2 protein chains.
Amino acid sequence: MPRTLLSMNDRPYHHGDLRRAILAAALDVIAADGPAGLSLRDLARRAGVSHAAPAHHFRDRTGLLTAIAAEGHGLLAAALTGAPDLREAGVRYVRFAREHPAHFQVMFSPPLLRADDLELTTARALSAAALTEAVATGAPAGDGPDARLTRIAVWSLAHGFATLLLGHNLDALLGDEDPEAVLRALPMTLFPST
Amino acid sequence: MPRTLLSMNDRPYHHGDLRRAILAAALDVIAADGPAGLSLRDLARRAGVSHAAPAHHFRDRTGLLTAIAAEGHGLLAAALTGAPDLREAGVRYVRFAREHPAHFQVMFSPPLLRADDLELTTARALSAAALTEAVATGAPAGDGPDARLTRIAVWSLAHGFATLLLGHNLDALLGDEDPEAVLRALPMTLFPST
DNA sequence: ACCACAACTTGACACTGACAAGATTGCCTC
DNA sequence: GAGGCAATCTTGTCAGTGTCAAGTTGTGGT
C-alpha cells in the first residue's frame, strides 16, 4: 500500500502526497489570481513544507505549469470524447473551461510551458484527436466544404467564448442568462438563414 | 514645443521621452516572451536609465501593463470603426491582434491590470462601442434574432481565432494558408446552408 | 538487517518590485 | 535674466522569489 489515506491530523512520513497538495494549491491560486500570482515558496508554505520541496516534484516553476497543462489536456480529451454532435462538442469545451479555469488558462499560455515536454505533447495530441473526432462524427448533413475548416471554426468559437467568459468580458452582455444556452444559439446567429 | 525631436546621438536632458522608450521596449518583450517575461529593471537597463526610473512614469508594474492595455483599446477602436460589414469587423479584429500581439495579450489579462483605472475603462468603453457599432451597421439582411447575440458570436469567433493563432495552435491546421482568408470562410462553415 | 534511493531540509546567491530620500534639470514667473 | 519650483531621474535599501548545491531523513527492496 504505497499511498495510504492520510488521517488528516498526523503528518505522514515525508508528507504523503506533496505532489497532489501542491497541484491543488496551485490550481486555487491560478484560478484566483492567474499564473502571475503563483509562487513556489507560497505553495510550499501552504503545504507546510520547506521552500525547496516543490522543486523535487516539478523541477521548475515551468515544470509545475507544464504538469498542469498536461493534466488539463487529459481532462479536456476526456470531456470531449463521445460528444454527439458539433454543437455539443463546443458546449463541452466551454464547460471544461468553466470547471477548470486554471488548467484552461495555463494550457494556452505557451511562454509559461516547456514546449518539448513529452507528457505535455502526448496529452495535447490526445485532446486534439478528441476534438478532431468530435468534428468528424458530428459533421453537418451536407458534409461541409472541409472538415479542417469546420474544426477551426468550432474551436475558435468555443475558445473565444470561453476565454471572454473567464475574463468577465461577457458579464454585461449576458446578464443573468445561462452561458451554455447562449452558446448553443451562437452559430445560427452568424448565418441566420434557417 | 514641449517635445523636441531628439537628434539620436546626444542624450537629451533627462532622457527625452522615457515613457515611450519603456513602452516600446515592453511591447517587444511581451510579444516575445509574454507578460511574464517582463521586468521593470530590464526595461530600465534597455533604456539606459536607473532601475527606479520607470516607476515615475507608470507607478507600478501593474501601471505599465494598464497603460499598455488602455493604448491597445484605443488602437482597437480605431481599427474597428468604419468596418463595412460583420465579416470585415472580424477580420479587422484579428488583424489588430496580429499587428499588436503584446497589446492584445495584455488587454485580456485582467489579473495584471488595475481594473478601476480611468484611462483604461474609458478606452475599453471606446473599443466596445466600436464593436457594437460595427455589428449594428453590418447586420445581415434578416436582422437576426438579437444584435446582442450577433455581437457575442462575432466577438467570440474572432477572439478565439486570434488567440489560437497567436498561441500557434493553428499552425499545423493552417499550413501556409493566409489566416485572413481562412477566417473569412469560417462563419459559413458553422452553418453550411448557402 | 542493510543499503540504495526517493523525499525533504538548509543555506546561499542573484534577481526582482517597491519604497524613501536625495540630486539634477528644464520651465515659469516676476 | 535670476530664482524658485516641479518634474524627472538616481542611489540606496528591503523583503520576497526562483534556483542551485549539499546535507539529512525516512522507506522500500533484497
Side-chain angles (χ1 to χ4, degrees), chain A residues 1-7 10-26 29-30 32-68 106 109 111-114 117, chain B residues 1-7 10-26 29-30 32-68 106 109 111-114 117:
Chain A
M1 185 182 311
R3 292 252 176 275
T4 96
L5 273 307
L6 21 123
S7 51
D10 56 324
R11 287 264 200 83
Y13 341 101
H14 276 280
H15 171 270
D17 50 357
L18 222 196
R19 189 183 165 91
R20 277 293 162 86
I22 290 195
L23 275 175
V29 173
I30 295 173
D33 298 339
L38 189 125
S39 147
L40 290 183
R41 288 176 113 105
D42 177 51
L43 298 180
R45 248 173 268 135
R46 296 189 187 217
V49 296
S50 83
H51 67 259
H56 192 268
H57 291 275
F58 301 102
R59 175 178 179 84
D60 266 330
R61 206 181 107 99
T62 302
L64 170 58
L65 293 168
T66 301
I68 290 177
V106 173
S109 299
L112 302 179
L113 308 177
R114 202 172 327 267
D117 181 86
Chain B
M1 187 182 310
R3 291 253 176 274
T4 96
L5 274 306
L6 21 124
S7 51
D10 56 322
R11 288 262 199 83
Y13 344 98
H14 277 280
H15 171 269
D17 49 358
L18 223 196
R19 189 181 166 94
R20 277 293 162 86
I22 289 194
L23 275 175
V29 172
I30 295 173
D33 299 338
L38 189 127
S39 149
L40 290 183
R41 288 175 113 104
D42 177 50
L43 298 180
R45 250 173 266 134
R46 297 188 186 217
V49 295
S50 83
H51 67 258
H56 192 268
H57 291 274
F58 302 102
R59 177 178 179 83
D60 265 330
R61 206 181 107 100
T62 301
L64 169 57
L65 292 168
T66 302
I68 291 177
V106 173
S109 300
L112 301 179
L113 308 177
R114 202 172 327 266
D117 181 87

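Numbered from 1 within each chain, the chains take letters A, B, ... in sequence-line order. Bear in mind that the values here come from a model prediction, so they are computed numbers and not experimental data.
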**Q** Could you write out each protein N or O paired with an N or O of nucleotides 13-16 of chain D at a distance under 3.5 Å?
**A**
none

**Q** Give the rounded distance in Å between these two atoms: CD1 of Ile22(A) and C1' of dG18(D).
**A**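 Atom CD1 in Ile22(A) sits about 14 Å away from atom C1' in dG18(D).
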**Q** Describe the nucleic acid contact of Asp60(B) in one word from base, sugar-phosphate, nothing, applying a heavy-atom distance below 4.0 Å.
**A**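 Answer is sugar-phosphate: Asp60(B) comes under 4.0 Å of backbone atoms only.
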**Q** Asp33(B): what forms a salt bridge (charged side-chain N to carboxylate O under 4.0 Å, His left out) with it, not counting sequence neighbours?
**A**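 For Asp33(B) there are no salt bridge (charged side-chain N to carboxylate O under 4.0 Å, His left out) partners, ignoring immediate neighbours.
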**Q** To the nearest 10 degrees, how far apart in direction are the end axes of the helix from dA1(C)-dT30(D) to dC30(C)-dG1(D), each fit to five base pairs?
**A**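 Taking the rotation axis at each end, their angle is 20°.
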**Q** Indicate whether OP1 or OP2 belonging to dC9(D) is found under 4.0 Å from a side-chain N or O atom of His56(B).
**A**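 So the side-chain polar atoms of His56(B) never come under 4.0 Å of the phosphate oxygens OP1 or OP2 of dC9(D).
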**Q** Just the rounded figure in Å: distance from P of dA6(C) to CZ of Arg59(A).
**A**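 Computing the Arg59(A):CZ to dA6(C):P distance gives 16 Å.
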**Q** What is the separation between atom CZ on Arg61(A) and atom P on dA14(C), rounded to the nearest whole Å?
**A**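 It is 22 Å, rounded to the nearest whole Å.
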**Q** Over how many whole Å does the gap from Leu40(B) atom CG to dT10(D) atom C1' extend?
**A**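 Taking CG of Leu40(B) and C1' of dT10(D), I get 16 Å after rounding.
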**Q** Choose from dT10(D), dG18(D), dT9(C) the nucleotide whose nearest atom is closest to any side-chain atom of Ala52(A).
**A**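 Looking only at heavy atoms from C-beta outward on Ala52(A), the closest nucleotide is dT9(C).
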**Q** Looking only at side-chain atoms of His57(A), point me to the closest of dC19(C), dA7(C), dG17(C).
**A**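 Out of dC19(C), dA7(C), dG17(C), the nucleotide with an atom closest to His57(A)'s side chain is dA7(C).
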**Q** I want to verify a distance call: between dC19(C), dC8(C), dT19(D), whose nearest atom is closest to the Leu18(A) side chain?
**A**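 Of the candidates, dC8(C) comes closest.
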**Q** Please state how far atom CG in Leu64(B) lies from atom P in dA18(C), giving the value in whole angstrom units.
**A**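 In whole Å, dA18(C) P lies 10 Å from Leu64(B) CG.
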**Q** To the nearest angstrom, how far is Arg19(B) atom CZ from dT8(D) atom P?
**A**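 So the two atoms are 10 Å apart, to the nearest Å.
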**Q** Within the structure shown, what part of the strands sits under 4.0 Å from Leu43(A) by heavy-atom distance: base, sugar-phosphate, or nothing?
**A**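 Nothing, no nucleic acid heavy atom in range.
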**Q** Send over the distance from Phe58(A) CZ to dT17(D) P, rounded to a whole Å.
**A**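 Nearest whole value for this atom pair: 18 Å.
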**Q** Please list every donor-acceptor pair under 3.5 Å in which a side-chain atom of residues 57-67 of chain B meets a protein atom from a residue at least two apart or in another chain.
**A**
residue	atom	partner	partner atom	Å
Asp60(B)	OD2	Arg114(B)	NH1	3.4
Asp60(B)	OD2	Arg114(B)	NH2	3.0
Arg61(B)	NH1	Leu38(B)	O	2.6
Thr66(B)	OG1	Thr62(B)	O	2.7
Thr66(B)	OG1	Arg114(B)	N	2.9

**Q** Kindly point out which of dC8(C), dA21(D), dC19(C) is positioned nearest to the side chain of Ala53(A)?
**A**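 Selected nucleotide: dC8(C).
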**Q** With sequence neighbours excluded, what pairs up with Ala25(A) under the side chain to side chain contact (heavy atoms under 4.5 Å, CB included) test?
**A**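 Once residues adjacent in sequence are excluded, the partners of Ala25(A) under the side chain to side chain contact (heavy atoms under 4.5 Å, CB included) criterion are Leu43(A), Arg46(A).
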**Q** So which atom in Leu112(A) and which in Pro35(A) form the shortest heavy-atom distance, rounded to 0.1 Å?
**A**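 Scanning both residues completely, I find the closest heavy atoms to be CD1-CB, 3.6 Å.
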**Q** Residues in salt bridge (charged side-chain N to carboxylate O under 4.0 Å, His left out) with Arg41(A), at least two apart?
**A**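 Per chain and number, Arg41(A) pairs via salt bridge (charged side-chain N to carboxylate O under 4.0 Å, His left out) with no residue.
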**Q** Roughly how far, to the nearest 0.5 Å, is NE2 of His51(A) from CG of Asp42(A)?
**A**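 Between Asp42(A) CG and His51(A) NE2, I get 14.0 Å after rounding to 0.5 Å.
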**Q** Got a sec, which residues hit side chain to side chain contact (heavy atoms under 4.5 Å, CB included) with Ala53(B), two or more places apart in sequence or on another chain?
**A**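 For Ala53(B) the side chain to side chain contact (heavy atoms under 4.5 Å, CB included) partners, ignoring immediate neighbours, are Leu18(B), Val49(B), Ser50(B).
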